[in-house]
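Lettering of chains follows the sequences in order, A, B, ..., and the numbering in each one begins at 1.
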Amino acid sequence: MPELPEVETIVRDLQELIPGTTIKNLQILRPNVIRGSDTIFKDNLIGKTFQSISRRGKNIIANMDSGLILVVNLGMTGRLGLQQDDCVFTHPAIYFTLNFGKILVYDDVRRFGKLDIYSEQEWLDRSAQLGPEPLSPEYKHTDLHEKLNSSGSPIRSWLLDQKNVVGVGNIYANESLHLSGIHPQRPANRITKTESQLLYKALRKILLSAIQNRGTTLRNYRDVSGKGGNNSSKLRIYGRHGENCLSCSDQVQRISFSNRSAFFCPSCQR
DNA sequence: TGGTAGACTTGGATGC
DNA sequence: CTAGTCCAAGTCTACC
């Protein structure tokens, strides 16, 4: 489900609800969504208070008053939401009982998501292995261009690799490549400087507008209150194989490599 | 070593 | 109506 815009939407929702609340109890219904032992997980969280919520790539970062950090990666179908009348959880994995009477639910159909506890130093080390934030003011098109030169991978695969740039998943990788006119299988090191500038601009534009639309809901993605995002109708290439390209009317193609589908227009993308 | 296929897991769509 | 097949927002591991 969740790429940068979806995780950002959830984080902004959680920032309004969670800081200052204390975990009174924790029920782990599906132990395989947490890394490490469930007793250690409980010991580290029960009785602790959330200080702040932030995002790093596709990870939700919760700083606790103990100094430990709870990191949630939603995988493909993970959700965080408050249990309320209008919010239906089909596959609850963890219940966080909070002190203001609400229950925060981690729900995950496929259970590819993971929750993990880090010390500050452990998280700094882990975070240092991740690539730059594409929406950060410090991230320049020259950074993208330089890094592209060191890889012969197809650009779509390169964009999905969180060591190169964080937060990009299959939907927004395909959308950005379409907007910048680059074929998904072009080797990263054969993208020109001009093209890398177009890709840089496309990436930021696509991610920002998806955040404004509160993310793309294809099936499972929901915000914290259980509502879907509004960005799916804005997609111009992802999932549109067999339909006409919205830019030139040629037929959108689907190919598969690295075990993932890629969508492209053979006229617009070379 | 860099790059990629496979595994993990459940369910919806398609079509017999 | 049902069965089999294919496909899905991500990431980690193993292998060439």
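Residue-level contact check: Gly215(A) touches neither bases nor backbone, having no heavy atom under 4.0 Å from any strand. Across all strands shown, Arg126(A) has heavy atoms under 4.0 Å from sugar-phosphate atoms exclusively, and none from any base. No engagement by Pro187(A) is indicated, since no non-hydrogen atom pair under 4.0 Å with the nucleic acid exists. At a threshold of 4.0 angstrom between heavy atoms, the contacts of Arg254(A) are confined to the sugar-phosphate backbone, with no base atom among them. Using a 4.0 Å heavy-atom cutoff across all strands shown, Lys58(A) reaches sugar-phosphate atoms only and no base atom.
The distance between atom CG of Asp108(A) and atom P of dG10(C), rounded to the nearest whole Å, is 13 Å. Atoms CZ (Phe257(A)) and C1' (dG3(B)) sit 13 Å apart, rounded to a whole Å. As rounded to whole Å, 15 Å separates atom C1' of dG11(B) from atom CG of Leu218(A). The distance between atom CZ of Arg30(A) and atom P of dT10(B), rounded to the nearest whole Å, is 6 Å. Atom CG of Asn259(A) and atom C1' of dC12(C) are 13 Å apart (whole Å). The distance from atom CD1 of Ile60(A) to atom P of dG10(C) is 14 Å, rounded to the nearest whole Å. We find that CZ of Arg35(A) is positioned 12 Å from C1' of dG10(C), with the value rounded to whole Å. Summarising the geometry, the separation between CD1 on Ile155(A) and P on dT4(B) is reported as 12 Å, rounded to the nearest angstrom.
Just one residue in the list Tyr172(A), Tyr238(A), Tyr221(A) forms a side chain to side chain donor-acceptor pair (under 3.5 Å) with Thr216(A), and that residue is Tyr172(A).
Phosphate proximity of dG10(C) to Asn170(A): absent, as no side-chain N or O sits under 4.0 Å from OP1 or OP2. In this structure, Ser151(A) reaches the dG3(B) phosphate: one of its side-chain N or O atoms is under 4.0 Å from OP1 or OP2. OP1 or OP2 of dA8(C) has at least one side-chain nitrogen or oxygen of Ser261(A) nearer than 4.0 Å. Between Ser153(A) and the phosphate of dT4(B), there is a side-chain N or O to OP1/OP2 separation shorter than 4.0 Å. The side chain of His91(A) places an N or O atom within less than 4.0 Å of a non-bridging phosphate oxygen (OP1 or OP2) of dG11(B).
An aromatic stacking contact between Phe112(A) and the base of dT9(B) is absent, as defined here by ring centres under 5.5 Å apart and ring planes under 30° from parallel.
The listed nucleotides are dT9(B), dT11(C), dA13(B); the one nearest the side chain of Arg219(A) is dA13(B). Comparing dG10(C), dC12(C), dT4(B) by their nearest atom to the side chain of Asn73(A) picks out dG10(C). Of the candidate nucleotides dA8(C), dG10(C), dT11(C), dA8(C) has the atom lying nearest to any side-chain atom of Tyr238(A).
Taking atom P in both dG6(B) and dC6(C), the straight-line distance is 14 Å, to the nearest Å. For the P atom pair drawn from dC12(C) and dG11(B), the interatomic distance equals 24 Å after rounding to whole Å. Taking atom P on both nucleotides, dC7(C) is separated from dA5(B) by 15 Å, rounded to a whole Å.
Between the side chain of Arg156(A) and the backbone N or O of Phe257(A), at least one donor-acceptor pair lies under 3.5 Å. At distances below 3.5 Å, not a single donor-acceptor pair connects side-chain atoms of Ser256(A) with backbone N or O atoms of Asn259(A).
With hydrogens and angles ignored, no donor-acceptor pair closer than 3.5 Å exists between the side chain of Arg260(A) and the base of dA8(C).
Annotation: of the two residues near DNA chain B, Arg110(A) and Asp161(A), the 5′-most nearest-nucleotide partner is Asp161(A).
Inter-residue side-chain proximity for Val224(A) and Arg12(A) is flagged as unmet; no heavy-atom pair is nearer than 4.5 Å.
A salt bridge links Asp161(A) with Lys163(A): the closest approach of a Lys/Arg side-chain nitrogen to an acidic carboxylate oxygen falls below 4.0 angstrom. Under 4.0 Å is where a charged nitrogen must lie from a carboxylate oxygen, and between Arg214(A) and Asp13(A) at least one such pair does.
Nucleotide dG6(B): paired with dC12(C) (Watson-Crick or G-U wobble, both distances less than 3.5 Å).
For the pair Arg79(A) and Tyr106(A), the cation does not sit on the ring face, since its NZ or CZ is not both under 6.0 Å from the ring centre and inside 45° of the axis.
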